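Contents: one structure, followed by commentary.
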Amino acid sequence: MSKTNINENIVESLIGTTIEKKKSRIPARLDFLQSATGLFLAVFMIFHMLFVSSILISKDFMLSVTKAFELSFLFEGGSTIPVFIAISVVFAVFIFHAFLALRKFPINYRQFLRLKTHSNLMKHSDTNLWIVQITTGFALFFLGSIHLYTMLTNSGNIGPYASADRVYSDYMWMLYILLLIAVEFHGAIGLYRLSVKWGWFDSGDAKESRRRLKRVKMIMTVVMLLLGAMTLIAYMKIGYEHQANYGERYTLSSNIGDK
Amino acid sequence: MSKTEDASLEKQEQNIGKVEDVVKKSELVLEKEMSIDGSREITITSLKYNPSNPNSKPEFVDYKLRETPGMTLYIALTKIKATLDNDLSSDFVCRAGICGACGMLVNGRPQLACKTLTSDFESGKIELLPLPTFKLIKDLSVDTGTWMKNMSLRVNSWIVSKEKTDISKIEKPVEPKVADEVFELDRCIECGICVASCSTAIMREDFVGAVGLNRVARFQIDPHDTRTDEDFYEIIGDDDGIFGCMSLLACEDHCPKNLSLQSKIAYMRRKMVNV
């Protein structure tokens, strides 16, 4: 940090404005970035779900999706590096989003008590949805981090058998059930919140637009939870059947007729 | 005791009996009047507490009364104060949803007492609490005035213009559509219900609230006001202003004047983030 920057920070922290006696633009950037990182993660999670649920079609299809991410169309047999880089980027955005979202959390007993009493008394659906969001968000600090670190260190071990073994034999299913619930609620509520926060899809009648957005949010949560549950069951089944051969990798040739 | 004294005593007793009969009859009439169309008994529970009295302890007091047709909470509270507890405090001025003085938590939801019908509560049980986020004066009475005054000063809630006004000339015309938009936002009665509904305001007392953001939007739209978005950023461009809002929209859902707070806050957010 340069001396000028340090001086600017000193002035702003003491006076509340910049040296030019202007309000800092940082709060605006942080608000925007919280929304932008949230949008990135929510869209990523939708595609992530579509990709992992490819197992519901067939093991071969899931493997071909995995290989596509390993850029097998460019390198012979694919490379784990693109997957590692992709997970690193998601992990970084995830941590940054958590850091930004922390600004909104109740941070002491008084705030916590007032918020809890307020939401219990008022029974207002959007306020309650936000309580769900901060609860699932808090859970995701840990659940998401465990999953992302596991995948970062196993970026080459993604595939029909490798993933199923992880889910079943490595006992990750317990974490994935909680992760699935937390992500789907957090993501869908987050996308709804982004829309009303920035006035997206506002057709002129804000109340009606909001009603529609809420319906879409509910459908999204239900569909993603169902798809996620079915996918998890599919990996559990494969993992159960494959436990005796734990560690073996699925190849297209090894399983002809067993799709 | 002489015969004359006996007779006088008897007469007095008869008179007392007559008075008692009259009282009983008028009570019956009152009871009958109050139970028109099979009205029911409702229970209003109110928090009672006087912060300025060191001996006062917060307590919940139940008041049972007969519901009358078209009874609002304003009427019910007036009846309670007139017949059951003249020490109960609550604020009212207009009785018509205009002055914004009678905001309170009604079964947990911030709303105006004068616009709330007791018949809306099927169970007949209504719990009243003072609006949170404002200084409690006593029982259901809170000081929204000081809060609103500070908010007005903070957001410079008036026309700021660099142009000199020449009163000998006709004012510049304003597009009717724009004027309508400004007047629409001017319908705010500063009752404080949006602030008491807001989770940010509940947790962080410096938050400007939807009422403040609505004020800023009102002047941002008004062509008489020459302030730029950069100027407005200086007022609400921080976490106590527009960026503190989490868009939970209880303000919009509870606003007794049905102001489009959701759209206006989103509008101001888009403006401020692009400054």
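Hydrogens, waters and symmetry mates are skipped; everything else that's a heavy atom, side chains included, is used. Throughout, protein chains are lettered first and strands after them, A, B, ... in sequence-line order, and every chain is numbered starting at 1. What you see is a predicted model, and the numbers here were worked out from it, not measured in a lab.
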Subject >> Closest contact, heavy atoms only, A/V52 versus A/Y235 >> reply: O-OH, 3.0 Å
Original post:
Hey, is CD on B/E175 packed in by over 12 heavy atoms from elsewhere, all under 6.0 Å?
Top reply: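 No.
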Tell me which of these, [options], has more heavy-atom pairs under 4.5 Å with chain A than the rest.
{"options": "B/G237, B/A266, B/S247", "result": "B/S247"}
{"options": "B/H254, B/E252, B/R204", "result": "B/R204"}
{"options": "B/E127, B/R109, B/E230, B/M246", "result": "B/M246"}

Subject >> Student check: side-chain heavy atoms of A/K104 and A/W130 closer than 4.5 Å >> reply: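 Contact flag for A/K104/A/W130 side chains = yes.
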Chain A contact via [X] - which portion, at a heavy-atom distance below 4.5 Å:
{"X": "B/V275", "answer": "both"}
{"X": "B/L129", "answer": "side chain"}
{"X": "B/S197", "answer": "both"}
{"X": "B/S199", "answer": "both"}
{"X": "B/N274", "answer": "neither"}
{"X": "B/L249", "answer": "both"}

Subject >> Chi angles and distances behind the salt bridge (Lys or Arg N to Asp or Glu O under 4.0 Å) call for B/K138, B/D143 >> reply: CA-CA 10 Å; B/K138 183 174 171 290; B/D143 180 7; over 6 Å; no
Subject >> Pair A/K214 + A/D126: basic N to acidic O under 4.0 Å >> reply: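 So A/K214 pairs with A/D126 through a salt bridge.
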Original post:
How about A/F69 and A/F51: are their ring centroids closer than 6.0 Å?
Top reply: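 That pair passes the under 6.0 Å test.
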**OP:** Find the one option among A/R114, A/Q111, A/H118 whose heavy-atom pairs under 4.5 Å with chain B are most numerous.
**Re:**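 Option with the greatest count: A/H118.
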Subject >> Pairs of heavy atoms under 4.5 Å with chain B: top-ranked of A/R103, A/M122, A/R110, A/R29 >> reply: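 Answer, by heavy-atom pair count under 4.5 Å with chain B: A/M122.
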Original post:
Think A/R25 forms a cation-pi with B/Y233, using NZ or CZ under 6.0 Å from the six-ring centre and within 45 degrees of its axis?
Top reply: yes
Original post:
Would A/R212 count as a cation-pi partner of A/F201, with NZ or CZ less than 6.0 Å from the six-membered ring centre and within 45° of the ring normal?
Top reply: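 No, a cation-pi geometry is absent between A/R212 and A/F201.
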Original post:
What part of A/S24 gets closer than 4.5 Å to chain B, counting heavy atoms only: side chain, backbone, both or neither?
Top reply: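 Backbone only.
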